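The structure under discussion appears below in the form of structure tokens.
No experiment lies behind these values; they were computed from the predicted model shown.
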Amino acid sequence: MSTDNEEFENLDERIQRRVNVAGNVLETNPSTNLPRGNIPNTPLASSTIAFLLGGVFAFGLYTIIVNLASISSWLTYQLGFFIAAWAFFHWAEFAVTAGWNFEKCSVDSYLLDNGAMYHIANGTAVMEYLISLYVMPSSKAWPYVSQIGIVMVIVGQFLRSTAMIHASTNFSHSVAFQKRDTHRLVTDGVYGWFRHPSYAGFYYWALGTQLVLQNPLTFVLFTILLWRFFYYRTRAEEAALVKFFGNEYINYRRRVGTMIPFVP
């Protein structure tokens with residue numbers, strides 16, 4: 001008859017063998033792009049964030065269903081779609097990083113620690129929508145505008161996630177100023193059409209959310225802020241890429257545009 005200690009030892013051995021075979025353990029410590037530390041970089045924190053984002057996503061879907069069933073005039077499909085799209089975007093950022101770029105994966109991969117301005121902008125968008133819906137409901141009665149926005153959000157999300165998957169370990173949420181041995185220039189696939197497809201994807205995704213909400217003020221605000229961010233971001237990143245790849249990147253830059261207005 002085996003003792004309790006022997007059973008624990010056998011269990012420990014089986015767990016260790018499984019870890020050795022799998023080659024990966026459950027951890028969130030990236031080898032590059034170290035997390036900022038504002039959010040605990042632990043599996044518990046990650047699972048909690050994923051759970052909360054799932055709840056927000058479900059609330060967005062509930063809001064859409066309630067509106068389509070004509071149960072509430074305040075919980076509109078426009079607001080519900082915005083909420084669901086926002087939650088899915090942040091979950092997808094982590095999921096794609098974990099699946100195709102694990103060496104850079106951390107709790108920061110959710111992109112929730114994006115700076116105060118990002119959250120202020122999204123909060124302002126929700127406030128504009130609710131205030132204008134209360135004061136002038138007719139201003140939200142342009143279905144084709146919201147439908148165009150929905151298409152932009154879906155296409156933008158697909159473009160960004162596809163770019164991250166295709167680039168795999170060559171993708172980084174932060175600009176890399178030092179070239180790694182495994183770093184290569186990706187010019188095929190979606191990168192053959194967009195020089196910075198992840199940026200273009202987010203640009204059109206974000207503007208699409210404001211068309212869904214039919215928010216004229218925050219649409220203009222998002223356009224200005226996003227243009228300014230991506231203009232200076234691409235300048236810094238491309239300076240590093242020219243340093244890394246020289247004429248190879250210069251020739252690629254001549255062939256392929258950013259597809260973001262006024263970002264050369």
Worksheet entry | Audit row: L75, N67, side chain to side chain contact (heavy atoms under 4.5 Å, CB included) steps and yes/no | CA-CA 6 Å; L75 298 178; N67 182 239; 5.7 Å; no

If I take atom [atom1] from residue [X] and atom [atom2] from residue [Y], how far apart are they, to the nearest 0.5 angstrom?
X: L111; Y: F94; atom1: CG; atom2: CZ; answer: 11.5 Å
X: F102; Y: T169; atom1: CZ; atom2: OG1; answer: 13.5 Å
X: F230; Y: E237; atom1: CZ; atom2: CD; answer: 10.5 Å
X: N38; Y: D113; atom1: CG; atom2: CG; answer: 4.5 Å
X: H183; Y: S172; atom1: NE2; atom2: OG; answer: 8.5 Å

Side chains of [X] and [Y] in contact at under 4.5 Å (non-hydrogen atoms):
X: H166; Y: D188; result: yes
X: T124; Y: I120; result: yes
X: F262; Y: W227; result: yes
X: T223; Y: L207; result: yes
X: R235; Y: P264; result: yes
X: D108; Y: H173; result: no
X: L79; Y: L133; result: no

Has [X] got a side-chain atom pairing as donor or acceptor with [Y]'s backbone, closer than 3.5 angstrom?
X: N41; Y: S106; result: no
X: N215; Y: Q210; result: no
X: R253; Y: R195; result: no
X: H119; Y: L112; result: yes
X: S161; Y: F158; result: no

Do [X] and [Y] have side-chain N/O donor and acceptor atoms under 3.5 Å apart?
X: Q214; Y: S146; answer: yes
X: S132; Y: K140; answer: yes
X: Y110; Y: T97; answer: no

For [X] against [Y], the heavy-atom pair lying closest together:
X: E93; Y: S109; value: CB-O, 3.2 Å
X: A92; Y: Q157; value: CB-NE2, 3.9 Å
X: Q78; Y: Y129; value: OE1-OH, 2.7 Å
X: G149; Y: L211; value: CA-CB, 3.7 Å
X: A206; Y: L226; value: CB-CD1, 3.6 Å
X: Y203; Y: P261; value: CE2-CD, 3.7 Å

Practice prompt. Establish, yes or no, whether a centroid distance under 6.0 Å links the rings of F229 and Y199.
Written response: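 No, they do not, as the ring centres are separated by 6.0 Å or more.
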
Discussion item. For W205 together with F202, are the ring centres under 6.0 Å from each other?
Written reply: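 So the answer is yes for these two rings.
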
In terms of hydrophobic clustering (I, L, V, M, F, W, Y; side-chain heavy atoms under 4.5 Å; direct or indirect links), are [X] and [Y] co-clustered?
X: L213; Y: L130; value: yes
X: I65; Y: L68; value: no
X: M136; Y: L217; value: no
X: V151; Y: F81; value: no
X: I83; Y: I131; value: yes

Practice prompt. Could you check whether the rings of H90 and Y118 sit parallel, tilted or perpendicular, using 30° and 60° as the cut-offs?
Written response: perpendicular

Item to complete: Apply the test side chain to side chain contact (heavy atoms under 4.5 Å, CB included) to residues L53 and W86: give CA-CA distance (whole Å), side-chain angles for both, the deciding distance (0.1 Å), then the verdict.
Response: CA-CA 9 Å; L53 288 175; W86 181 88; 3.9 Å; yes

Practice prompt. Quick one: do I150 and I154 satisfy side chain to side chain contact (heavy atoms under 4.5 Å, CB included)? Show the steps, please.
Written response: CA-CA 6 Å; I150 289 172; I154 294 172; 3.9 Å; yes

Response to the item:
Taken in chain and number order and not counting sequence neighbours, the residues that satisfy salt bridge (Lys or Arg N to Asp or Glu O under 4.0 Å) with R233 are none

Item to complete: Could you list who else is in I250's hydrophobic cluster, with ILVMFWY side chains joined at under 4.5 Å, directly or through other members?
Response: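 Under the 4.5 Å side-chain rule, I250 groups with V96, W100, L159, M164, I165, F171, L185, V186, V190, Y191, W193, F194, L241, V242, F244, F245, Y249, Y252, V256, M259.
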
Discussion item. Determine whether L52 and W91 satisfy the following criterion, side chain to side chain contact (heavy atoms under 4.5 Å, CB included), listing intermediate values before the conclusion.
Written reply: CA-CA 10 Å; L52 293 175; W91 172 84; over 6 Å; no

Worksheet item: Should we count NZ of K243 as having more than 12 external heavy atoms under 6.0 Å?
Response: no

